[in-house]
Amino acid sequence: MKQVILTGDRPTGRLHVGHYVGSLKERVRLQNSGKYDEIYIMIADAQALTDNAEHPEKVRQNIIQVALDYLACGLDPAKSTIFIQSMVPELTELTFYYMNLVTVSRVQRNPTVKAEIQMRNFEASIPVGFFCYPISQAADITAFHATSVPAGEDQMPMLEQCREIVHKFNAVYGETLTEPQIILPSNQACLRLPGIDGKAKMSKSLGNCIYLSDEPEEIRKKIMSMFTDPNHLRVEDPGKVEGNPVFVYLDAFCKPAYFQEFLPEYSGLDELKAHYQRGGLGDMKVKKFLNNVMQAELRPIRERRKDWEARLPEVYEILRAGCEKAEATAAETLRGVRHAMQIDYFENGTL
């Protein structure tokens with residue numbers, strides 16, 4: 001069996017460091033590992049429209065922003081196919097067929113859907129398209145016979161629902177679809193990076209993000225305003241590192257070499273944490289260190305992004321070629337699905 005990756009992001013804004021540690025960094029590692037036959041990276045504009053239907057210009061404008069972030073992080077169009085979801089109409093048809101295999105109550109139980117509905121304050125006014133987006137995701141994944149989906153922890157319920165759809169389809173119509181596995185970040189701190197305000201999730205809609213394209217001064221301001229331990233009022237007070245966003249970010253981004261360069265009085269992160277926990281270490285010193293770490297991590301990404309911004313016609317061509325390749329693959333899968341469902345009328349000159 002071919003080893004295939006499918007993953008992607010909604011183009012509702014520039015990508016942030018939560019995307020980077022939760023998925024983007026892992027995608028680049030997997031892309032360069034040589035273990036995968038095909039890699040598809042989807043800009044999920046159709047999914048973004050499920051809760052932005054009245055603002056299509058927002059989605060359209062951010063397609064190029066997401067593509068720039070992908071290229072800046074190291075996704076290579078020679079190794080990965082970057083495409084736009086709505087340019088592959090076969091995905092919509094697959095979604096329609098899969099809808100018959102899922103009950104309303106099953107979608108309602110999906111923890112990710114429940115959390116997203118609550119976050120967007122939809123209450124009883126849930127757009128049907130948004131409600132059904134786990135089924136749409138299953139279409140995206142199975143259209144490319146993806147065996148692996150690199151994603152954050154919050155996407156685990158979505159993958160589980162996709163696997164259920166695969167099982168049901170194959171049981172009813174015969175072995176046709178490929179069952180995917182999720183690939184989570186190996187660093188536990190990267191599973192779900194909190195927002196700079198201390199909220200559980202970094203989110204564009206909550207405005208608590210550090211973006212990959214942020215300028216140095218913007219990054220510094222955001223880090224210096226970060227939520228820490230609310231009980232660590234004075235330098236001498238003992239502080240908590242568990243759930244403290246500053247230390248969660250250090251867990252996600254810090255490398256031993258950064259201590260030698262920016263904070264040589266400490267041997268490593270464990271010693272820094274121990275000092276904070278027993279008291280005598282102020283938040284400002286830790287934040288300054290985190291700022292140095294984040295600046296070092298994001299500088300090369302920002303510089304590559306500016307280089308691609310100067311070559312936008314090339315980015316356009318990368319997306320156009322990616323869409324053509326993705327549609328050809330999805331069309332082949334759809335033919336197999338229609339044949340399994342016995343709805344490939346006129347294929348053999350007869351009903």
| query | Would Glu297 and Tyr20 count as a side chain to side chain donor-acceptor pair (under 3.5 Å) if you check the C-alpha gap in whole Å, the side-chain angles of each, and the deciding distance to 0.1 Å? | reply | CA-CA 11 Å; Glu297 287 284 304; Tyr20 181 66; 4.8 Å; no
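- Under the 4.5 Å side-chain criterion, counting only non-hydrogen atoms from C-beta, Thr147 is not in contact with Lys2.
- Counting only heavy atoms from C-beta outward, the side chains of Gln65 and Arg305 approach each other to under 4.5 Å.
- A salt bridge is absent between Asp307 and Arg304; no separation between the charged side-chain nitrogens and carboxylate oxygens falls under 4.0 Å.
- With respect to the salt-bridge test (charged N to carboxylate O, under 4.0 angstrom), the residues Glu57 and Arg60 do not qualify.
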| side chain to side chain donor-acceptor pair (under 3.5 Å) between His167 and Glu179: does it pass, once the steps are laid out? | CA-CA 8 Å; His167 288 159; Glu179 184 177 326; 2.7 Å; yes
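- With a 4.5 Å cut-off on side-chain heavy atoms, Arg109 and Arg106 count as touching.
- Remark: the backbone N or O of Tyr211 is paired with a side-chain donor or acceptor of Asp214 at under 3.5 angstrom.
- Of the possible donor and acceptor atoms, none in the side chain of Lys114 sits under 3.5 Å from a partner among the backbone N and O of Gln108.
- Taken from CD in Gln137 to CG in Leu91, the straight-line distance is 12.0 Å, to the nearest 0.5 Å.
- Remark: Lys288 NZ is loosely packed, at most 12 non-hydrogen atoms of other residues, nucleotides or ligands lying under 6.0 Å away.
- You'll find the side chain of Phe253 reaches within 4.5 Å of the side chain of Leu193, heavy atoms only.
- Between Ile210 and Tyr249, the closest side-chain pair of non-hydrogen atoms falls below 4.5 Å.
- No donor-acceptor pair under 3.5 Å is formed between the side chain of Ser80 and the backbone N or O of Tyr40.
- Among residue pairs with one or both ends in residues 263-301, those qualifying as ring-ring contact (aromatic ring centres under 6.0 Å, His included) are His232-Tyr276, Phe247-Tyr276, Phe259-Phe289, Tyr266-His275; sequence neighbours excluded.
- Of the possible donor and acceptor atoms, none in the side chain of Asn208 sits under 3.5 Å from a partner among the backbone N and O of Ile196.
- Taking OG of Ser86 as the reference point, atom CE of Met42 lies at 10.5 Å (rounded to 0.5 Å).
- With rounding to the nearest 0.5 Å, the separation of OG1 in Thr333 from NE2 in His145 is 3.5 Å.
- Rounded to the nearest 0.5 Å, atoms CE (Met341) and OH (Tyr173) are 4.0 Å apart.
- For the pair Ile5/Arg27, no side-chain contact is recorded, criterion being any heavy-atom separation below 4.5 Å from C-beta on.
- No side-chain donor-acceptor contact under 3.5 Å links Arg14 to the backbone of Val66.
- Counting heavy-atom neighbours within 6.0 Å of Gln181 CD, excluding the residue itself, gives a total above 12.
- Note: the hydrophobic cluster containing Leu233 does not contain Leu281 (ILVMFWY, side chain heavy atoms under 4.5 Å, direct or indirect links).
- Clustering ILVMFWY residues whenever any of their side-chain heavy atoms sit less than 4.5 angstrom apart, transitively, puts Val104 in the very cluster that holds Ile165.
- Formation of a donor-acceptor pair under 3.5 Å by the His16 side chain with backbone atoms of Gly18 is found in this model.
- Lys285 NZ to Leu272 CG: the interatomic distance, rounded to the nearest 0.5 Å, is 8.5 Å.
- Side-chain atoms of Arg10 come within 3.5 Å of backbone atoms of Gln47 as a donor-acceptor pair (strictly under, hydrogens ignored).
- In the hydrophobic clustering, where aliphatic and aromatic side chains (Ile, Leu, Val, Met, Phe, Trp, Tyr) are joined below 4.5 Å either directly or transitively, Met284 groups with Met224.
- A side-chain donor-acceptor contact under 3.5 Å links Thr329 to the backbone of Lys325.
- Gln85 has its side chain out of reach of Ile43: every pair of non-hydrogen atoms, C-beta onward, lies at least 4.5 Å apart.
- With hydrophobic clusters built from ILVMFWY side chains whose heavy atoms lie under 4.5 angstrom apart, Leu290 does not share a cluster with Phe227.
- At a threshold of 4.5 Å between non-hydrogen side-chain atoms, the residues Val246 and Asp283 do not count as touching.
- A distance-only check finds a donor-acceptor pair linking the side chain of Thr112 to the backbone of Asp154 [under 3.5 Å].
- At least one donor-acceptor pair under 3.5 Å links the side chain of Glu271 to the backbone N or O of Ser267.
- In the hydrophobic clustering (ILVMFWY side chains linked at under 4.5 Å, chained through shared members), Leu49 is joined by Val59.
- The hydrophobic clustering, which links ILVMFWY residues whose side-chain heavy atoms are closer than 4.5 Å, places Phe96 and Tyr98 together.
- The number of heavy atoms from other shown groups lying within 6.0 Å of CD (Glu236) is above 12.
- Classification of the Phe83-Phe144 ring pair by plane angle, with boundaries at 30° and 60°, yields tilted.
- Atom-to-atom distance recorded for Met1:CE and Thr178:OG1 is 5.0 Å, nearest 0.5 angstrom.
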